[in-house]
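Read through the structure below, which is laid out as structure tokens, and then see the notes.
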2 protein chains.
Amino acid sequence: MIDPPHASAYIAIMAAHHHHEHAGASLAQAAEATLVEAGEQWTDMRSDIFAVLATFEKPASAYDIADLVSQRRGKRVAPNSVYRILDLFVTTNLARRVESANAYIANSHPGCLHDCIFLICDSCGTATHIDDDALTMSVRAAAEHAGFAQVRPVIEVRGKCADCD
Amino acid sequence: MIDPPHASAYIAIMAAHHHHEHAGASLAQAAEATLVEAGEQWTDMRSDIFAVLATFEKPASAYDIADLVSQRRGKRVAPNSVYRILDLFVTTNLARRVESANAYIANSHPGCLHDCIFLICDSCGTATHIDDDALTMSVRAAAEHAGFAQVRPVIEVRGKCADCD
DNA sequence: TTTAGCGATGTAATGTTGTAACGTGCATCA
DNA sequence: TGATGCACGTTACAACATTACATCGCTAAA
């Protein structure tokens, strides 16, 4: 009477569900296109912040980003400004906030919107993500069944990654 | 080839899976028993902090708790002390940290350990939780499949609750 | 060509959340 | 009675986030 875990289901999905995993310049281009598509401007500041964010493979705090962008520009950029732009990125799906790390990470496939599941290593801090729409849809369904609307799932898993284990 | 959402599955579980939902004095007793069981002391300070935490129906920040406990005792209790005890509560499963709110909430059924899914209303801040072991096990399985160990899922859903919707 | 409006960014201050380091009091037990 | 261990106190600070307001540059209407 209790469903088995969905391991087999998500393997099938991972195989079935292909989308572009951008990196480097390709990613920046995709990000720019997405922002413009959303009616927003792709400014130097936004470009720099996205570039810095994209270099991280672990979630980056707004302050980390502020420091690096400051270096890059030879002029102090206040956390404030970074937050503004990160918020924009999050709302336009160019970046994600990792709640359990108070930090942000670039979305490697902007334009393609779905909930994703982050895996964050407690040792090395690196984050990967997996896309399992069946699973995230189930979480949404459960929340909606409980009377929630305008649902935004936050699904993160802390643990030890394969390298650190 | 893609599993349907598990709405029906979790309904079955909610019906099948009964455990005590404590409240008030009963909850405090259960908390005390659990702490002692874990080889820890149930001190006045811990009792006060748990009592204050349990009065909230929305996640409470360590600072909120510090203020109320300070009032209750007529003497300033530093956030520091509150954090120490909250950490203890979290490790002993008397309380949970709500990552997306940087806050804590009493576990209404300590002793019964499983991952739970929090629903937090963006309007009124109230939090409820649902227990869907099939779903949380699936999340665990997905993370483990990706090579993660010592997995600790963080599953929270932000949205509008039925009252605020 | 001014100038009013608007969006993006700068600046400063402040608020909130979380930790580190070290000291004190108190119980237990050799 | 002195050593040990644990709980808690105190202070300082680090990290994360927001608010309010100023400035800059572009563009569109006067």
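Just so we're clear, the structure is a prediction, and the values are computed from it rather than from any experiment. Each chain gets a letter, A, B and so on, in the order its sequence line appears, and its residues count up from 1.
Contacts between residues 89-105 of chain A and DNA chain D, defined by a heavy-atom separation under 4.0 Å, are made by A:R97, A:N102.
Listed by chain and residue number, nothing satisfies the salt bridge (charged side-chain N to carboxylate O under 4.0 Å, His left out) test with B:E57 (two or more places apart in sequence, or in another chain). With sequence neighbours excluded, the residues that form a side-chain hydrogen bond (donor to acceptor under 3.5 Å, both in side chains) with B:D122 are B:R158.
Residue A:C116 is tested with A:D132, A:N107, A:D133, A:D131 for a side-chain contact (heavy atoms from CB on, under 4.5 Å); the sole match is A:D131.
Although no hydrogens or angles enter the test, the distance criterion places a donor-acceptor pair under 3.5 Å between the side chain of B:R140 and the main chain of B:V151. At least one donor-acceptor pair under 3.5 Å links the side chain of B:R46 to the backbone N or O of B:Q41. Looking only at distances, a side-chain donor or acceptor of B:S70 sits under 3.5 Å from a matching main-chain atom of B:V77.
Using a 30° and 60° split on the angle between ring planes, A:F89 and A:F50 fall in the perpendicular class, above 60°.
Counting only residues at least two apart or on different chains, no ring pair (Phe, Tyr, Trp, His ring centres under 6.0 Å) pair has a member in residues 52-74 of chain B.
Within the 4.5 Å cutoff, the side chain of B:D163 has no heavy atoms near those of the B:C124 side chain. Between B:T136 and B:I155, some side-chain heavy-atom pair lies under the 4.5 Å cut-off.
Here the range on DNA chain D touched by chain A, meaning any atom under 4.0 Å from one of its heavy atoms, is D:dC16 to D:dA20.
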Quick one: what's the B/S/- string for nucleotides 5-16 of chain C, heavy-atom cutoff under 4.0 Å, read 5' to 3'? --SSBBBB----

